[in-house]
Amino acid sequence: MVFADTTRRETTIFAATINNNRITLAEMSISDQIRMASKNTLEKLYSLSIDESNIQINETKPEFEGDYTLVLFSFLKHLKKSPDQLGREIGDELVANNPNLLSGFNIIKGFLNLTVNDSYWIDFLQVNYADPGFGKKKSSGKKVMVEYSSPNTNKPLHLGHLRNNFLGLSIAEILRANGAGVTKTCIVNDRGIHICKSMLAWQKYANGATPQSTGIKGDHFVGDYYVRFENDLKIQAQPIIDRIKRNELSGFEGNELSDLKKWLTALQRETNKEKIEKLNDEIKEIARNHTAIMAEAKQMLRNWEAGDKEVVELWEKMNGWVYDGFAITYNRIGSDFDKIYYESNTYLLGKDIVKEGLDKGVFYKKEDGSVWIDLTADGLDEKLVMRRDGTSVYITQDIGLAEQKFNEYKPSESIYVVGDEQNYHFKVLKLIAEKIKIPGAEGIYHLSYGMVELPTGRMKSREGTVVDADDLIDEMVSIAGRHTEELGKVKDFNESELKELYDTIGLGALKFFLLRVDPKKRMIFNPEESIDFHGFTGPFVQYTHARIKSILRKENAVSSRFPTAIGTAVSSLLKLEKGLIVKLEQYTAIVEQAAIEHNPSVLAIYAFELAKTFNTFYTEHSVMNAESEEKKQLRLQLCEMTANVIASAMGLLGIKVPERM
RNA sequence: GGUCCGGUAGCUCAGCUGAAUAGAGCAGCUGCCUUCUAAGCAGCAGGUCAUUGGUUUGAAUCCAAUCCGGAUCACCA
């Protein structure tokens with residue numbers, strides 16, 4: 001490619017002037033070309049130098065004639081001309097200098113509406129229609145790490161994990177499509193008090209039961225014992241809470257004792273409902289920590305850390321069950337990882353970091369031996385990085401892991417797909433990493449996403465209001481099956497074909513539903529709405545794809561060589577034909593935008609709009625019975641390219657598209 | 001209390017690096033299957049873009065204040 005290593009800006013100038021070179025043109029979006037041409041025109045006519053980011057090119061509103069609109073208002077103050085006169089001068093110059101690109105213009109108020117040559121759109125279609133990789137970039141050599149999913153091994157995955165997994169998978173695909181080499185990773189939280197809870201309950205109640213002996217999926221099996229533990233804990237905590245409330249505080253000492261006294265007196269005076277609830281929660285927390293069963297769990301954790309053979313064996317056995325269960329779910333939703341980190345291996349990381357930070361004077365030691373960093377100058381708080389007993393905390397482990405990731409993979413960007421309740425954590429993580437100059441610190445990016453809530457409110461595992469991932473997927477798939485059966489369009493499918501189709505549709509619906517919303521926003525998961533397969537949904541887009549494929553299949557049966565080049569035989573486009581090409585042309589920019597914003601929802605919205613645009617075209621114009629053979633070929637190309645782009649866009653969301661449905 | 005995020009149609013969401021009458025989907029109401037898949041298409045109805053002030057030729061979009069909702073500020077992870 002001649003201009004391959006020129007800058008974007010330089011390429012643009014070539015494209016705007018040498019516009020009979022189609023290959024070069026394909027390198028840049030049409031709106032960017034118009035933007036650059038406008039910039040050049042302003043310079044040439046008025047010696048006015050305006051940064052391209054200040055030149056507004058919008059899609060022309062459907063009620064006006066034209067394809068793209070140059071907004072003139074901002075130039076008016078620099079040039080003392082009427083909008084009409086200015087528009088005419090710019091329009092004439094633009095069209096004269098870019099005869100292949102632009103065919104005409106009109107001016108309404110301060111808007112210069114430009115019409116792109118039909119032959120230009122047709123050329124664009126000719127060049128790209130058969131390319132399944134349209135919109136994607138070649139490898140740039142950039143390396144990115146995406147950490148996502150990161151489950152706990154004490155309970156099965158739920159709806160929140162699904163949003164995380166879908167986001168992680170999608171962002172990995174999106175970055176790959178933009179030329180990055182992507183390593184998908186996951187940090188498994190396989191150690192800690194929560195695991196011990198499940199282990200302890202299993203010891204007490206299972207009588208040697210296993211997932212195999214009970215037929216229960218491993219992660220659910222272990223999760224059931226976690227719930228069992230929590231129930232016992234609740235029962236044991238209640239009398240202690242009652243005792244505290246009666247002001248019987250024997251057995252408490254130190255900070256706990258003084259805190260309890262403080263809260264109890266505060267409770268007597270407090271009238272604010274929320275504050276009362278908060279105080280009660282604090283008391284409950286202390287009571288929970290004073291139960292016999294909690295003491296057992298803590299002892300178990302100590303034993304685990306000491307390497308107690310029996311505990312470690314049990315831990316390995318139960319984690320193994322959970323991994324077996326997760327594997328099934330991951331396989332079903334398409335999650336996979338190039339590298340898995342286990343917290344049991346990384347939780348000691350960070351010790352060196354602490355030493356390094358102390359040496360560099362970034363950290364400081366308090367009298368009790370604990371180590372801190374003062375972030376008040378950055379508008380944050382003081383943050384503990386090492387406990388007084390010398391063990392590292394979450395943030396320190398994470399810095400250690402960040403360093404390890406960089407050492408192993410050297411990514412220029414390291415993305416963490418983690419819920420927005422940890423915004424503060426990642427802000428601190430990046431800041432500390434930068435302060436102690438961990439390599440790759442600047443590349444840390446927290447892809448923060450909002451909580452998934454139910455119409456009834458927040459999901460709480462303690463209250464049993466979580467939506468289980470496996471249940472939800474089963475439900476979606478079975479609804480997809482029922483729906484498909486009712487429509488009766490695939491009666492000739494065999495059993496495995498049907499199963500695959502139901503999975504594709506059910507999972508497609510679920511993924512699309514969770515990805516169509518801006519990640520950073522909290523979202524409400526309404527089960528009734530999520531199983532709707534009409535409108536702005538995955539199945540709608542999938543259906544459009546299947547519809548197109550049906551046309552192509554039928555045409556293929558008649559003629560084996562289609563679509564053929566149409567050359568110059570077709571020189572003008574109907575409105576809906578052009579509208580579809582315009583939409584297709586924007587795909588490249590959308591793929592780029594999704595990566596820049598780390599936001600798959602722009603692709604979901606685009607895929608829906610494209611499908612909608614196609615369906616409108618489809619009902620108005622026949623492909624098979626087009627007005628002429630040339631038109632038919634053009635429309636077949638349109639069909640093929642639309643199918644390709646739909647499949648590609650959905651692929652970037654991690655969603656499959658069926659050939660028939 | 002500090003910090004951060006959000007408040008757009010009955011509901012769920014786009015639009016937020018300012019620009020032409022604020023867009024979708026769902027729900028409601030009308031039409032359209034003898035022609036390439038009706039999981040579709042066309043249309044009707046539905047809005048003081050939380051409130052108030054400011055900047056601007058122009059504000060849902062930028063700024064300030066206020067109100068409402070959420071997250072977070074652990075020697076938990």
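The analysis underlying the following values was restricted to heavy atoms, covering all of them including side chains, and did not include hydrogens, waters or symmetry mates.
In this structure, A:Ile505 reaches the bases: a heavy-atom distance under 4.0 Å links it to at least one base atom across the strands shown. Across all strands, A:Asn526 comes closer than 4.0 Å to no nucleic acid atom at all (heavy-atom distances). Nucleic acid contact class of A:Val517 (heavy atoms, under 4.0 Å, all strands): sugar-phosphate only. No contact: A:Glu620 has no heavy atom under 4.0 Å from any strand. Residue-level contact check: A:His545 touches neither bases nor backbone, having no heavy atom under 4.0 Å from any strand. When heavy atoms are screened at a 4.0 angstrom cut-off, A:Met523 is found touching the sugar-phosphate backbone but no base atom. Residue A:Thr616 is in sugar-phosphate contact alone, with no base atom involved, counting any heavy-atom pair closer than 4.0 Å across all strands shown.
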Original post:
How does protein contact run along nucleotides 18-30 of chain B, one letter per nucleotide 5' to 3', with B for base contact, S for sugar-phosphate only, - for none, heavy atoms under 4.0 Å?
Top reply: -BBB--SSS----

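A glycosidic torsion no more than 90° from 0 defines the syn conformation; B:C44 lies beyond that range and is anti.
Within the 4.5 Å cutoff, side-chain heavy atoms of A:Glu305 are placed close to those of A:Arg191.
Base pairing annotation: B:C41 forms a Watson-Crick or G-U wobble pair with B:G31, both donor-acceptor distances under 3.5 Å. Judged by Watson-Crick or G-U wobble contacts below 3.5 Å, the nucleotide B:A64 has B:U52 as its partner. Base pairing analysis places B:G58 opposite nothing; no Watson-Crick or G-U wobble pair with both distances below 3.5 Å involves it. Searching all strands for a Watson-Crick or G-U wobble partner of B:A20 with both distances below 3.5 Å returns nothing.
Summarising the geometry, the separation between CZ on A:Phe533 and P on B:U12 is reported as 21 Å, rounded to the nearest angstrom. Rounded to an integer number of Å, the gap from CD of A:Glu453 to P of B:U12 is 11 Å.
The side chain of A:Arg388 lies closest to B:C75 when the candidates are B:U37, B:A71, B:C75. Of the candidates B:C75, B:C36, B:A38, the closest approach to any side-chain atom of A:Arg547 belongs to B:A38. In the set B:A14, B:C73, B:U37, B:U37 carries the atom at the smallest distance from any side-chain atom of A:Lys554. Distance from the side chain of A:Phe540 is smallest for B:C41 among the nucleotides B:C41, B:C75, B:U37. For A:Arg387, taking side-chain heavy atoms from C-beta onward, the closest of the listed nucleotides B:C76, B:G40, B:U37 is B:C76.
Using modelled atom types and a 3.5 Å distance limit, the side chains of A:Ser448 and A:Asn423 yield a donor-acceptor pair. Neither side chain, A:His621 nor A:Glu627, offers a donor N or O lying under 3.5 Å from an acceptor on the other.
Side-chain atoms of A:Asp368 and base atoms of B:C75 include a donor and an acceptor less than 3.5 Å apart.
Taking the P atom of each, B:G1 and B:U57 are spaced 38 Å apart, rounded to whole Å. Atom name P, nucleotides B:A77 and B:A9: the rounded distance is 42 Å, in whole Å. Comparing the P positions of B:U55 and B:G23 gives a spacing of 28 Å, expressed to the nearest Å. Taking atom C1' on both B:C68 and B:A22, the two are 23 Å apart, rounded to the nearest angstrom.
When each of A:Thr619 and A:Ile548 is assigned the nucleotide of RNA chain B with its nearest heavy atom, A:Ile548 is the one assigned upstream, toward the 5' end. Nearest-nucleotide positions on RNA chain B place A:Ser622 closer to the 5' end than the other of A:Ser622 and A:Tyr394.
At a threshold of 4.0 Å, the pair A:Lys632-A:Glu555 counts as salt-bridged, since one of the basic side-chain nitrogens sits closer than that to a carboxylate oxygen.
Within a heavy-atom distance below 4.0 Å of RNA chain B, the residues of residues 475-487 of chain A found are A:His483, A:Thr484, A:Leu487.
Ring centers of A:Phe525 and A:Phe513: under 6.0 Å apart, within the cut-off.
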